[in-house]
Amino acid sequence: MSKGVAITGMGIISAIGNNVQENYNSLISGKAGISKISHIETIHADEIMVGEIKTTNAEFEAQLGLSQNSFSRSPILGIIAAKEALVQAGISDINDYKTGLISSTTVGGMDKSEQYFHEYFESNEHWQHINGLHAGDSTKKIADAIGLKESFMTTISTACSSAANAIMLGARMIKSGKLDRAIVGGTDALSKFTINGFKTLMILSDTYNTPFDENRKGLNLGEAGAFLVLESDKIVGEKNRKVLAYVKGYGNSNDAFHQTASSENGDGAVLAMEKALKVAGLEPEQIDYVNAHGTATPNNDLSEGRALQRVFDEGKVPEFSSTKAFTGHTLAVAGGVEAIYSVLALQNNRVYPNLNFKTPMKEFDLLPQTEVKEKELNYVLSNSFGFGGNCSTLIISKEA
Amino acid sequence: MSKSVYINSVGSVSVQKTFDNSEFLNEITTYNDTVASVVNPDYKAYIPPTQARRMAKGIKMSTVSSQTALQEAGLENVDAIIVGTGLGCIGDSVKFVRDIIDNDEQFLTPTRFIQSSHNTVSGQIALGISCKGYNFTYVHAAVSFESCLIDAKMQLENDEAKNILVGGVDEMVKYHVDTHRLIGHIKSEPADSTRLLTVNTKGSVMGEGAHFFVLSNEKQESTYAELVAIETYNSIAQENIPNKIEAFLEENHMTIEDLDLVILGNNGDVDFDGYYENLSTGLFKDRPQAYYKHLSTEFDTASGFAFWLSAKILKTQTIPEVVKLNEIEVSNPRTILIYNQYRGENHSLMLLRKC
Amino acid sequence: MSELKLELKEKIIEQLNLEDIAIEEIADTDPLFGEGLGLDSIDALELIVMLDKDYGIKLADPKQGRTIFESIDSMATYIEEHRSR
């Protein structure tokens, strides 16, 4: 059984809060962040609901001391989350140990690219956003904001499993001795691009998303920035860190079934969960709570439900819930948001409710947790699945 | 004790005719332009029409390149697939955005959106060979490909995998070229590829390519070379680069004198080639030097071409005249260092050794 | 009706990039999905957009497509009954 990698800091901004504490308060009080869209002009505004952060870019830029319209929204959300994580970890000099920044995103600066798509050729007023179309540009801006120099820095984009993979890579690099510290997570802002993209796949709900419900109509898109600080035992010892929780297990696999859909039996999801359990050295029955991917699309919830039944055999699936009904589906960041929620669950011994659930699915008798439940938690399993067959699982533990 | 990592096969689709592994830059494609496209293989010979119908160019190039690498390694499947791409299938992304704007968000179809997802290449390769193993996509500008190598090397050293398909791919698209020319990243005037380093103009010549390799912790007959070490840095002050390189070599128990060849990423951009020239005339002045971007052009995963070039040089023990940057000769190259950066950022060092 | 069927075959070949298939190769009763023409769920979404754009038919649930897109015959029948343009 291998030792977990210490999590010493967390930062998050999402539709249910501008920091870790606000997010936790919303989760415990059942306060969802799903609403009509206000920041993006779209003809679909009346047909969709989103998990939108209400603060405007202008307000954020003023808060961060940036000039107006200098950054797209993804790096802004990322900077806010990364800074909070560093403060919590108590890091004042980011370059004092061998540190890496591993971010993730699906859209990067697409919100600006689509806004000025034709205008770039008419005026140079917004050329600062041209290079923002590179996914890595958002990561560079976060690195600059936290002062990271001469260091390992990369960006992962594996659709909706991206941030889970960033956390996995960070943990692996620390375990292998390549890094002493990894700032891991992701950032994705809402954009017309994703709204219309998911619309063409006909998996956007026109009302509040209802994970694992028989009558689920699809997902609500969301936006968020979420970062965690992972540190080696060396730093934890030398700096006398307070460890919040540990990245105990991780698994990555490909469903190799379809470009966008998950296989009916959830093969990839099963493999990812099994690998994570193996890395953690745990048996399925030791998992106390599953934070499911649970996007509320017909396909995901069926596939994931079947996979859960296969991993935790004979109806022994532990308490599980999807927090997508609170935040919407934050795409690349979902795995980061939910890893933070998993840590908070462990710290507070609370299982979050799966909001909006009414009718069990006819294919199986899985019932998500619908009320906040107090329970001694030691191991939380969190799933993230994406397009391209990407399936990832993290196991977060209270003790190393 | 960690295991050694070998490059067991290569596959390339580039601005040069590199898709045939039996050749090694036998014929050189020159250009006098600001952009250059790949020499296309006969995609139909590799991809059934039912699969090809939705494929963006980046996926087609990657399919040919990855199939070539798998075949040469004698593998039908691998333990992991790791792909690097600066922009993914940017052509479809751009078309989808244009459709959104020009059709006022109506009558949009899903194919372009699906192909826009950065991980579409790694996903489709996995789908094609039914690989349920580890699957990753790195999208970090000029170190996208290097990130794959770092990840793969870690897994192979720790014996978490035996064979890993790694690759870098980027496709060239008009809109992207036009916008990046506006901000001076791409040349405004044509550059002659035979004298790229003396054109003295701003920006680079933009191109495309797909380079795939099977990395393994077991040597076999097809093995090209050993990947000894790789490191990336988000930034390095120009005056600090020699120190960084020396420290990197020292970590690998080597000195500058051990390098039989240094491959540099000069791309003819008068604003940034200084990073390389300082090394050419300084740290590396007594070492044999080569460059490649006059052959590959510039794109986020262009260093994949340098990796391909190094593997070929070490296996064939020949250094093509066309890549030589100085007059210093080396008869049997054993150790190669590749140094790359783009616009002063995302520096990478890759160390390869003959085995 | 036969004119509509011919039109549908042309559109399917063009929109779904079935370059190597000729109109004559698609029989009115051939299954379009699975065996037969080999279309998949992404093609179904493409066809749903075609119904909307060219014939003014909006499908809210992609599952409806399964029966409508069974063959050229079934598509033509459905379009004739529901078209608004």
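The chains referred to below are lettered A, B, ... by the order of the sequence lines, with proteins before strands, and numbering in each begins at 1.
Of the two parts of B:I90, only the side chain, counted from C-beta on, holds a non-hydrogen atom closer than 4.5 Å to a non-hydrogen atom of chain A. Of the two parts of A:I43, the backbone and the side chain both hold a non-hydrogen atom closer than 4.5 Å to a non-hydrogen atom of chain B. Both the backbone and the side chain of A:A135 come within contact range of chain B, with heavy atoms under 4.5 Å apart. Neither the backbone nor the side chain of A:N124 comes within contact range of chain B; no heavy atom of the residue lies under 4.5 Å from a heavy atom of that chain. The part of B:T109 that comes within reach of chain A is its backbone (N, CA, C, O), which places non-hydrogen atoms under 4.5 angstrom from that chain. For B:I129, no part lies under 4.5 angstrom from a heavy atom of chain A. The part of A:F257 that comes within reach of chain B is its backbone (N, CA, C, O), which places non-hydrogen atoms under 4.5 angstrom from that chain.
Of all the heavy atoms in B:A126 and A:A256, the pair that sits closest is O-CB, 3.8 Å. Taking each heavy atom of B:C131 and A:N254 in turn, the nearest pair found is O-CB, 3.6 Å. Shortest non-hydrogen contact noted between A:S253 and B:K132 is CB-O, 3.2 Å. The two residues A:S176 and B:N158 make their nearest non-hydrogen contact at OG-ND2, 3.3 Å. Between B:F136 and A:N165, the closest heavy-atom pair is CZ-CB, 3.2 Å.
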Pair A:L133-B:H180, side chain to side chain contact (heavy atoms under 4.5 Å, CB included): steps then yes or no
CA-CA 11 Å; A:L133 189 56; B:H180 284 72; 5.6 Å; no

Hey, mind stepping through A:M153 and B:T232 against side chain to side chain contact (heavy atoms under 4.5 Å, CB included) and telling me if it holds?
CA-CA 8 Å; A:M153 168 165 90; B:T232 62; over 6 Å; no

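Separating the CG atom in B:L87 from the OG atom in A:S157 is a distance of 11.0 Å, to the nearest 0.5 Å. Distance check: A:I142 CD1 to B:N234 CG gives 12.5 Å after rounding to the nearest 0.5 Å.
Options A:C391, A:S151, A:G136 differ in how many heavy-atom pairs under 4.5 Å they form with chain B, and the most are formed by A:S151. The candidate with the highest count of non-hydrogen atom pairs below 4.5 Å against chain A, out of B:H118, B:R54, B:H185, is B:H118. With respect to chain A, the highest number of heavy-atom pairs below 4.5 Å among B:D99, B:I125, B:D102 belongs to B:D102. Ranking B:G133, B:A141, B:S144 against chain A, the residue ahead of the rest is B:G133, based on heavy-atom pairs under 4.5 Å. For the options A:G389, A:A272, A:A159, heavy-atom pairs under 4.5 Å to chain B are most numerous at A:A159. For the options A:L169, A:I102, A:T106, heavy-atom pairs under 4.5 Å to chain B are most numerous at A:L169. Contact count versus chain B (heavy atoms, under 4.5 Å) is highest, among A:M202, A:K192, A:E114, for A:K192. The candidate from B:Q106, B:E146, B:E231, B:Q155 with the greatest count of non-hydrogen atom pairs under 4.5 Å with chain A is B:Q155. With chain A as partner, the option from B:F107, B:Y134, B:Y233 having the largest number of non-hydrogen pairs under 4.5 angstrom is B:Y134. By number of non-hydrogen pairs under 4.5 angstrom with chain A, the leading residue of B:I183, B:L182, B:V94, B:L108 is B:L182.
Looking at A:T158 and B:T137, their side chains come closer than 4.5 Å, going by heavy atoms from C-beta outward. Counting heavy atoms from C-beta on, the side chains of A:Q259 and B:L127 come closer than 4.5 Å. Residues A:L201 and B:F113 meet the side-chain proximity criterion, which asks for heavy atoms closer than 4.5 Å.
A distance-only check finds a donor-acceptor pair linking the side chain of A:N390 to the backbone of B:N135 [under 3.5 Å].
Classification of the A:F117-B:Y175 ring pair by plane angle, with boundaries at 30° and 60°, yields parallel.
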